[in-house]
There are 2 protein chains.
Amino acid sequence: MTDSRPLPLKEALAQACREIEQSIDRLLPPVSGDESLLIEAMRYAALNGGKRLRGFLVLETAALFGADHDAALRVAASVEFLHAYSLVHDDLPAMDDDDLRRGKPSTHKKFNEAFAILAGDALQTRAFEVLLEPATQADPTIRAHLALALAQASGAAGMVGGQVIDIRGEGRALPLEQVQRLHALKTGALIRYAAEAGAILGGAAEDDPRRLAIRAYGDDLGTAFQVADDVLDSTASTEELGKTAGKDEDASKSNYVSLLGIDGARAEARRLSTQARDALSSFGPRAETLRSLADYFVERRS
Amino acid sequence: MTDSRPLPLKEALAQACREIEQSIDRLLPPVSGDESLLIEAMRYAALNGGKRLRGFLVLETAALFGADHDAALRVAASVEFLHAYSLVHDDLPAMDDDDLRRGKPSTHKKFNEAFAILAGDALQTRAFEVLLEPATQADPTIRAHLALALAQASGAAGMVGGQVIDIRGEGRALPLEQVQRLHALKTGALIRYAAEAGAILGGAAEDDPRRLAIRAYGDDLGTAFQVADDVLDSTASTEELGKTAGKDEDASKSNYVSLLGIDGARAEARRLSTQARDALSSFGPRAETLRSLADYFVERRS
């Protein structure tokens, strides 16, 4: 990270992924004691071969805002804990009832439902704890700010709220605005948080134009991600995805593909990705990796 | 609260209960919009007629440490959100599978499992969010401290860890030390946090002898509460408890009664309650309500 030339995206992603996995590993307790099965389930859920796109966003924006890299790795792990908790609970039989996650048994299949519920609960708690520990940042104002923004992105007015609109939308046709709001909450809020967290960690004020630019980027990126996800869900196989494909169609859910058609959804993903790139114009060449990420989000195959 | 003479315990509890319910009501969103069913479930779980002992502890210790009463009401609501989330998830079919909570259908019976999982998740998030909002305390160091201590009390090394040991202990005999550790984590950690939160809110340093005294009080109180709970579980009826009685026996769980006998458990509860009172000696007459609370914890009938 001392060389100022950005790495090509794939190398940067692979390197960040390794570093984030190490950070996650360090920040979870070792498997021992009476709670060992809980720790095992937390580790299984959090160290499951994810692409770490959210953590990568934290690292990249933290670098843009001059934040400490080790601190950014803690924030990246925290966002991944929050994401992992949401996946574990989403996969439960009472929710999406999914047996597979990234090609492996989902947490409740590998352990059982009780441990999946509790591991998810404890991963959410750990996400806040890591942000609030003094090791993340000497300045408690920044720690409190990071944790508050995460709560806002993930609670009833964020990710969980979006999940509820999603459940309620099964079997009925939702208009485009409602599908947009659903995803802005369900997946968009955490992706935007991941982008903005690097700016917060770097001490950028709420009205700093550079921070507002990163927010706008995160917003567009989050929506682009979801549109591309809907395209993948309707075109890729379960094997390629590592999770059950075609689930929206089975559950008669409205999504970008059912509303815009495959070609329309692809065009919308490209439009959002371009808009996300444009939001970064003031950052110059240092933001090139984030620009490539916007393309990657809509071109990925799994 | 301007009169310096403490109210008799029952009046103080009843008044605090009313104020805490109002605080909870204010701090949860109104039921409206696409997420209305989630908000309803969160409100059902959090406004369910609990005794608000944890919130009361916050208010009482906050007053002892000169903290602002309105701020203390926010912290009290936050602790009750955390407690409510744990009850909703504990009652789920995959966990304790309890249909009744305080004489009413538990959240997953009133709504469904998905909404109970999500309402619990969102209540946990809201607990952290409320602590971290600037309205709770102008000083971000104190807000970050309050939220970090809550995470430590409620995660894998606290409440959730204890719940796991509890599940693992079903059907096998646990030695006394393990039952003690189980409860120190499962119920004790949050009760101690509730007591200590008032001191943190009042700005007491970690090594302030008065804060250490409150910690010791909270520790003893938490254990006394659990011992008394085991006595109640083995002697009271389901109607009196408002939740299913005799559950430990049904699940062959080791508890204080199975380990010490009814008389032994009662004596242990009284010993802990006296020890809790003694921890408060340096506070003089202003801590009289907290002393009475220690008696109340072991004398309660439901």
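Owing to the predicted nature of the structure, the values given are computational and were not obtained by experimental measurement. Naming convention: chains lettered A, B, ... in sequence-line order (proteins, then strands); numbering from 1 in each chain.
For the set B/Ala119, B/Ala144, B/Pro93, the entry with the most heavy-atom pairs within less than 4.5 Å of chain A is B/Ala144. Annotation: maximal heavy-atom pairing with chain A below 4.5 Å, among B/Glu133, B/Glu129, B/Arg168, B/Gln124, occurs at B/Gln124. Options A/Ala156, A/Gly155, A/Ala122 differ in how many heavy-atom pairs under 4.5 Å they form with chain B, and the most are formed by A/Ala156.
A distance of 7.0 Å separates OG1 in A/Thr125 from CE in B/Met159, rounded to the nearest 0.5 Å. Rounding to the nearest 0.5 angstrom, the gap separating the CZ atom in B/Phe115 from the CD1 atom in A/Ile167 is 5.5 Å. For the atom pair CG (B/Asp34) and CG (A/Leu174), the distance works out to 8.0 Å, reported to the nearest 0.5 Å.
With contacts defined as side-chain heavy-atom distances shorter than 4.5 Å, the pair B/Leu148/A/Pro134 qualifies. Residues A/Asp139 and B/Pro140 fail the side-chain proximity criterion, which asks for heavy atoms closer than 4.5 Å. Using a 4.5 Å heavy-atom threshold, the side chains of A/Phe128 and B/Leu150 count as separate. Looking at B/Thr141 and A/Thr141, their side chains never come closer than 4.5 Å, going by heavy atoms from C-beta outward.
Only the side chain of A/Ile39 comes within contact range of chain B, with heavy atoms under 4.5 Å apart. Contacts of A/Leu82 with chain B are absent, with no heavy-atom separation under 4.5 Å from either backbone or side chain. No part of B/Leu123 comes within reach of chain A, as not one of its non-hydrogen atoms sits under 4.5 angstrom from that chain. Neither the backbone nor the side chain of B/Leu182 comes within contact range of chain A, judged by heavy atoms closer than 4.5 Å. Contacts between B/Leu92 and chain A at a heavy-atom distance below 4.5 Å involve the side chain alone, from C-beta outward. Residue contact with chain A, scored on non-hydrogen atoms closer than 4.5 Å, involves the backbone and the side chain of B/Leu118 alike. No part of A/Ile142 comes within reach of chain B, as not one of its non-hydrogen atoms sits under 4.5 angstrom from that chain. At a 4.5 Å heavy-atom cutoff, the contact between B/Gln152 and chain A is made by backbone and side-chain atoms alike.
Ring geometry, A/His89 versus B/His89: the interplanar angle exceeds 60°, so the pair is classed perpendicular (tilted spans 30 to 60°).
Scanning all heavy atoms of the two residues, the minimum distance from B/Ala94 to A/Glu113 falls at CB-CB, 3.4 Å.
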